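Written below as structure tokens is the structure these notes are about.
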2 protein chains.
Amino acid sequence: MADLLLLTPVPGGSAQVLPALGLLSHRVRVLPVEPSALVDAPDSDIVVLDARRDLVTARTTCRLLRATGLTVPLVLVLTEGGLTVVTAEWGVDDIVLESAGPAEVETRFRLVMERAATSSYDDAPQEISSGELTIDAGGYTARLRGRPLDLTYKEFELLKYLVQHPGRVFTRAQLLQEVWGYDYYGGTRTVDVHVRRLRAKLGPEHEQLIGTVRNVGYRFDPPKDRRGAVDDRDQVHEPADA
Amino acid sequence: MADLLLLTPVPGGSAQVLPALGLLSHRVRVLPVEPSALVDAPDSDIVVLDARRDLVTARTTCRLLRATGLTVPLVLVLTEGGLTVVTAEWGVDDIVLESAGPAEVETRFRLVMERAATSSYDDAPQEISSGELTIDAGGYTARLRGRPLDLTYKEFELLKYLVQHPGRVFTRAQLLQEVWGYDYYGGTRTVDVHVRRLRAKLGPEHEQLIGTVRNVGYRFDPPKDRRGAVDDRDQVHEPADA
DNA sequence: GACTGCGTGACACCCGGATGACCACCACGT
DNA sequence: ACGTGGTGGTCATCCGGGTGTCACGCAGTC
């Protein structure tokens, strides 16, 4: 089940363009081939362009879509006669004959979506950052103001988990559950020690990034602009009574 | 007119596999699906793999071809029933039903060749460089400061894969999957030994290029440029005491 | 003022990676 | 055919550092 955007000059439904589509269970939005329709393209999983009638318009539409830096796969619907015209320069990811059966259409759509997913997965640096702190989950490295922190495995996992949920307080039991993974009773002081080692490696001026909430646990305090806040000690005080 | 390499388990001619091929004017070489036939693949413009009967063999053949760094387009011939099995992970460039007409086959072949031509023209230098390390994928040679490293096949493949994804950590299982290619359970220590041999050949002063991430895996650490260090204020005290 | 909860330093265990050695196997050349 | 060198996979062992635990001190709380 995917979200398709079908661009066609034909007013009729999708069955007019690609009969096989009617036999598949996808959410299909049908729009005319107009520049105004292109803004909706990024919201879809696949853009299907009807190039049966007007090959010239189809070609310019392809180029327009590509010019906007569209990352969504683009599939062309063609007649037998239109086959000879299409070139790689159009930038389409796949082509489908209007007479294609549902199994073939389904497979082609699936393949182009998979390819798009894996390619974007490959290049993604997989990093999250908060303020001056940057965490690269793919490379298992953390940097503070660009300076790499030499963290151990557990320290990195702990910091990553906290940064992934900024501002939220976690009890020691929760952290043991989520970061350590296994059910763990007794010895919750283990978390304390790891937090302490983390703070030490963050340096004296940044150890405040990990805050302590008495009787509750720890939390990552996303760095805020310190310009207006003079008395930060009290402003953090907030509602912790429970 | 192109040079096709048709891999098929069926002894008969190409017309048995893909009838439309008989109506097109391409030079077709037919070989059985065997590892020995794969060495001929780079000489062709397209490799066409018959996946109508044996989908399992077809899958492993695809992976084998991709593992050798094949740049030639790979097209699969399928039956209707085989459509659901293929995934993007196979690494094929296009698929064709055995019942496809000559016009469609011709267009798909042409598109796939055009794409290969433009992509290899654009961004496939066959040569990867990172710092003082240069890897020539085409010639299976690696140089460090211009000095050629005498690497074995697996060592080269491992180094190439790591360098292709600089800064990223790979688990032993991932490396076995990607570099060794086949599904592999148990004996992940194999990776350790190969990394060790690689480091030994890189020399004591460069063995740091392959970093170890405890509890996770290995990573290629691109040599850092000391020149462009933005700030010198903090980086001096980087090790968090002890 | 007693108690609770967290920070701090120190320490011992043990896991995980490094290391060296061994052997099966394949591709060579003779 | 055989012998040979090189490659690749596995095993046993060593060692270092990461991790967990404890004791102690201090600060906050009732």
Side-chain angles (χ1 to χ4, degrees), chain A residues 140 142 149-159 161 169-173 175-177 179-204 207-219 233-234 236-237 240-242, chain B residues 35-36 39 67 140 142 149-161 169-177 179-204 207-219 221 239-242:
Chain A
Y140 267 87
L149 302 172
D150 183 28
L151 302 182
T152 71
Y153 176 73
K154 275 281 154 55
E155 287 164 2
F156 181 82
E157 291 291 321
L158 177 59
L159 180 61
Y161 185 77
V169 184
F170 296 97
T171 67
R172 292 166 178 73
L175 290 173
L176 284 172
Q177 177 94 4
V179 178
W180 273 253
Y182 47 92
D183 306 80
Y184 201 97
Y185 292 106
T188 58
R189 305 302 307 275
T190 298
V191 180
D192 300 37
V193 178
H194 278 268
V195 167
R196 172 199 147 223
R197 289 168 180 158
L198 251 180
R199 284 171 174 164
K201 291 190 177 178
L202 287 174
E207 65 179 15
Q208 61 193 3
L209 287 175
I210 301 179
T212 304
V213 179
R214 209 180 160 87
N215 286 315
V216 185
Y218 297 99
R219 109 184 114 192
R233 195 66 60 189
D234 283 342
V236 181
H237 204 126
D241 67 282
Chain B
S36 61
V39 298
Y140 267 84
L149 299 173
D150 183 28
L151 301 182
T152 71
Y153 175 76
K154 273 282 153 52
E155 288 164 1
F156 181 80
E157 290 292 321
L158 176 60
L159 180 62
K160 188 181 77 174
Y161 186 77
V169 180
F170 296 96
T171 67
R172 292 167 176 74
Q174 283 178 317
L175 290 173
L176 285 172
Q177 174 100 359
V179 177
W180 273 252
Y182 45 91
D183 305 80
Y184 200 98
Y185 291 105
T188 58
R189 309 308 304 272
T190 298
V191 180
D192 299 38
V193 179
H194 279 267
V195 166
R196 170 187 142 229
R197 289 168 179 158
L198 252 179
R199 283 172 173 163
K201 291 191 178 179
L202 287 174
E207 66 179 14
Q208 56 184 5
L209 287 175
I210 301 178
T212 305
V213 179
R214 212 157 212 275
N215 283 308
V216 184
Y218 296 99
R219 144 185 75 193
D221 288 318
D241 75 294

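None of the values given here were measured: they were computed from a predicted structure. Protein chains get the first letters and strands the later ones, always in sequence-line order, with residue 1 at the start of each.
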Over how many whole Å does the gap from [X] atom [atom1] to [N] atom [atom2] extend?
| X | N | atom1 | atom2 | value |
| --- | --- | --- | --- | --- |
| K201(B) | dG8(D) | NZ | C1' | 11 Å |
| F170(A) | dC6(C) | CZ | P | 17 Å |
| L149(B) | dT7(D) | CG | P | 14 Å |
| I210(A) | dT8(C) | CD1 | C1' | 16 Å |
| L159(B) | dG8(D) | CG | P | 13 Å |
| L176(B) | dT10(D) | CG | C1' | 13 Å |
| L151(A) | dG18(D) | CG | P | 11 Å |
| R172(B) | dG9(D) | CZ | P | 15 Å |

Relative to the 5' end of DNA chain D, which residue comes earlier, N215(A) or H194(A), by the nucleotide with the nearest heavy atom?
H194(A)

Between E155(B) and R214(B), which has a closest nucleotide on DNA chain D that is more 5'?
E155(B)

Heavy-atom protein contacts under 4.0 Å, nucleotides 19-29 of chain C, coded B base, S sugar-phosphate only, - none:
-B---------

T152(B) has its side chain closest, among dT19(D), dT7(D), dG20(D), to dT7(D)

Between E155(B) and R197(B), does any side-chain N to carboxylate O distance fall below 4.0 Å?
no

For a quick check of understanding: with a heavy-atom distance under 4.0 Å over all strands, which category does Y218(B) fall into, base, sugar-phosphate or nothing?
sugar-phosphate

Walk me through whether Y161(B) and Q174(B) qualify under side-chain contact (heavy atoms from CB on, under 4.5 Å).
CA-CA 11 Å; Y161(B) 186 77; Q174(B) 283 178 317; over 6 Å; no

Phosphate contact ([N] OP1 or OP2) by [X] side-chain N/O below 4.0 Å:
| X | N | value |
| --- | --- | --- |
| T190(A) | dT21(D) | yes |
| W180(B) | dG8(D) | no |
| Y153(A) | dG17(C) | no |

Any donor-acceptor N/O pair, K201(A) side chain to D150(A) backbone, under 3.5 Å:
yes

Under 3.5 Å, is there a donor-acceptor pair between the side chain of R199(A) and the main chain of I210(A)?
yes

Mind checking whether Y140(A) and Y153(A) have parallel, tilted or perpendicular rings, split at 30° and 60°?
parallel

Shortest non-hydrogen contact from D221(B) to G211(B)?
OD2-CA, 3.6 Å

Please tell me whether F170(A) and Y218(A) form a close aromatic pair, meaning their ring centres lie under 6.0 Å apart.
no

